[in-house]
Amino acid sequence: MTNYFQKKNNQWSILVIIILSIINILNIVYNTPMVPDQHWAQKIFYVHVPSAWIGFLSYFIVMISGFMYLTSRDNKWDNIGLAASEIGTFFMALVLITGPIWATPIWGQPWVWEPRLVTTLILFLIYIGYFMIRAYGGYIERMKRNAAALGIVAFINVPIIFLSVQFWSPEIQSHPQVEMAEQPSEILSPFIFSLIVFTMLYTVMIRYRVYVINLNNGMNEDV
């Protein structure tokens, strides 16, 4: 198997994403406007929301990989599902960390038991169970089947999180319910740029993680 970092396209992709990430951070810090009553806390929005997007995208890949593994029994799909679940859970943890940082100055407390927060926490805990199945699931083929099935079922929670502001009445919610399309360009443009950078970062991360998992499992597949 060719070393991942010896391939020119991998070297260039890593270099590009490092440069874009630095530009994104500097743009968030220096060029995004201060929102009244939020000030610096509002800038977390440009990390918090893209992190949630990457978490949901990654869990979607886990679901697709689960379907493909159950129908084909090809370990390639199990490896992709494992890589996507790890990276997705990392970004969901980032969501659960940055959310309270934003909420503390805005809500006066880091956590409130409102629908979007609760459903996000439930999804995160489901994936903690997912990793427990992979670690202690016993017979390896049964473990892979159970993990694939759980990854499929867990994705049901993603649209619930996304649509929670419509499912429950505004009186019991604390999250803002403003559509992104309604945001001014000075907020929308850097947000879209951050979203693109996070997505590019994700593609680099999952390609490398799949490579490492394949390497550990002795699968002769170049990435």
Side-chain angles (χ1 to χ4, degrees), residues 1-5 7 9-10 13-14 16-17 21 47-97 116 119-164 195-223:
M1 182 181 290
T2 305
N3 187 286
Y4 184 89
F5 296 105
K7 300 186 71 173
N9 62 325
N10 292 335
S13 63
I14 292 171
V16 168
I17 197 59
S21 296
V47 174
H48 178 76
V49 178
S51 295
W53 153 248
I54 295 302
F56 295 157
L57 173 63
S58 205
Y59 289 155
F60 176 75
I61 293 175
V62 175
M63 180 191 68
I64 297 300
S65 299
F67 276 121
M68 296 301 296
Y69 177 76
L70 291 177
T71 55
S72 69
R73 294 294 192 270
D74 187 340
N75 285 325
K76 174 185 72 175
W77 293 108
D78 179 70
N79 293 344
I80 294 173
L82 174 58
S85 65
E86 291 174 343
I87 298 172
T89 303
F90 168 78
F91 278 98
M92 290 308 297
L94 191 60
V95 169
L96 292 170
I97 292 170
R116 178 161 286 181
T119 50
T120 301
L121 178 60
I122 289 172
L123 181 62
F124 180 79
L125 294 176
I126 288 173
Y127 268 90
I128 297 300
Y130 174 95
F131 295 123
M132 292 176 68
I133 288 176
R134 298 203 72 108
Y136 308 111
Y139 179 62
I140 188 167
E141 291 301 324
R142 181 176 59 196
M143 174 273 291
K144 290 179 180 180
R145 290 195 301 268
N146 291 341
L150 181 58
I152 294 169
V153 173
F155 190 77
I156 296 173
N157 200 23
V158 171
I160 294 175
I161 295 171
F162 185 75
L163 298 172
S164 61
L195 201 64
I196 293 171
V197 172
F198 269 71
T199 304
M200 294 176 65
L201 173 63
Y202 174 71
T203 61
V204 171
M205 292 176 68
I206 195 166
R207 281 170 56 85
Y208 180 67
R209 184 56 185 148
V210 169
Y211 167 84
V212 171
I213 293 173
N214 288 340
L215 186 65
N216 291 338
N217 292 340
M219 295 180 64
N220 187 24
E221 294 184 12
D222 292 336
V223 178

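Side chains are part of it too, since the values below use all heavy atoms of this structure and drop only hydrogens, waters and symmetry mates. Computed from a prediction, not measured in an experiment: that's the story for all the values here.
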With distance as the sole test, does [X] use its side chain to make a donor-acceptor pair with the main-chain N or O of [Y] at under 3.5 Å?
{"X": "N146", "Y": "I133", "answer": "no"}
{"X": "N79", "Y": "N214", "answer": "no"}
{"X": "S58", "Y": "G55", "answer": "no"}

Closest contact, heavy atoms only, [X] versus [Y]:
{"X": "G138", "Y": "R142", "value": "CA-NH2, 4.4 Å"}
{"X": "L94", "Y": "S51", "value": "CD2-OG, 3.1 Å"}
{"X": "Y4", "Y": "N10", "value": "O-ND2, 2.9 Å"}

Please test V95 against F124 for side-chain contact (heavy atoms from CB on, under 4.5 Å), starting from the C-alpha separation and ending with a verdict. CA-CA 10 Å; V95 169; F124 180 79; over 6 Å; no
Could you name each residue pair satisfying side-chain hydrogen bond (donor to acceptor under 3.5 Å, both in side chains) that touches residues 87-97, not counting sequence neighbours?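 Applying side-chain hydrogen bond (donor to acceptor under 3.5 Å, both in side chains) to every pair that reaches into residues 87-97, excluding sequence neighbours, yields Y59-T89.
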Got a sec, which residues hit side-chain contact (heavy atoms from CB on, under 4.5 Å) with S85, two or more places apart in sequence or on another chain?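 With sequence neighbours excluded, S85 shows a side-chain contact (heavy atoms from CB on, under 4.5 Å) to V62, L82, Y127, Y130, F131, given in chain and number order.
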If you measure from [atom1] on [X] to [atom2] on [Y], what distance do you get to the nearest 0.5 Å?
{"X": "I87", "Y": "I54", "atom1": "CD1", "atom2": "CD1", "result": "9.5 Å"}
{"X": "R73", "Y": "K144", "atom1": "CZ", "atom2": "NZ", "result": "11.0 Å"}
{"X": "T119", "Y": "I161", "atom1": "OG1", "atom2": "CD1", "result": "4.5 Å"}
{"X": "F91", "Y": "W53", "atom1": "CZ", "atom2": "CH2", "result": "12.5 Å"}
{"X": "L70", "Y": "W77", "atom1": "CG", "atom2": "CH2", "result": "12.5 Å"}
{"X": "M92", "Y": "I126", "atom1": "CE", "atom2": "CD1", "result": "10.5 Å"}

Under a 4.0 Å N-O cut-off, is there an ion pair linking R134 with D78?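 A salt bridge links R134 with D78.
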Ring geometry between Y208 and F5 (parallel below 30°, tilted from 30 to 60°, perpendicular above 60°):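 Aromatic pair F5/Y208 classed tilted.
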List for me each residue that meets salt bridge (charged side-chain N to carboxylate O under 4.0 Å, His left out) alongside R209, sequence neighbours excluded, and say none if there are none.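 For R209, the residues satisfying salt bridge (charged side-chain N to carboxylate O under 4.0 Å, His left out) (neighbours in sequence not counted) are E86.
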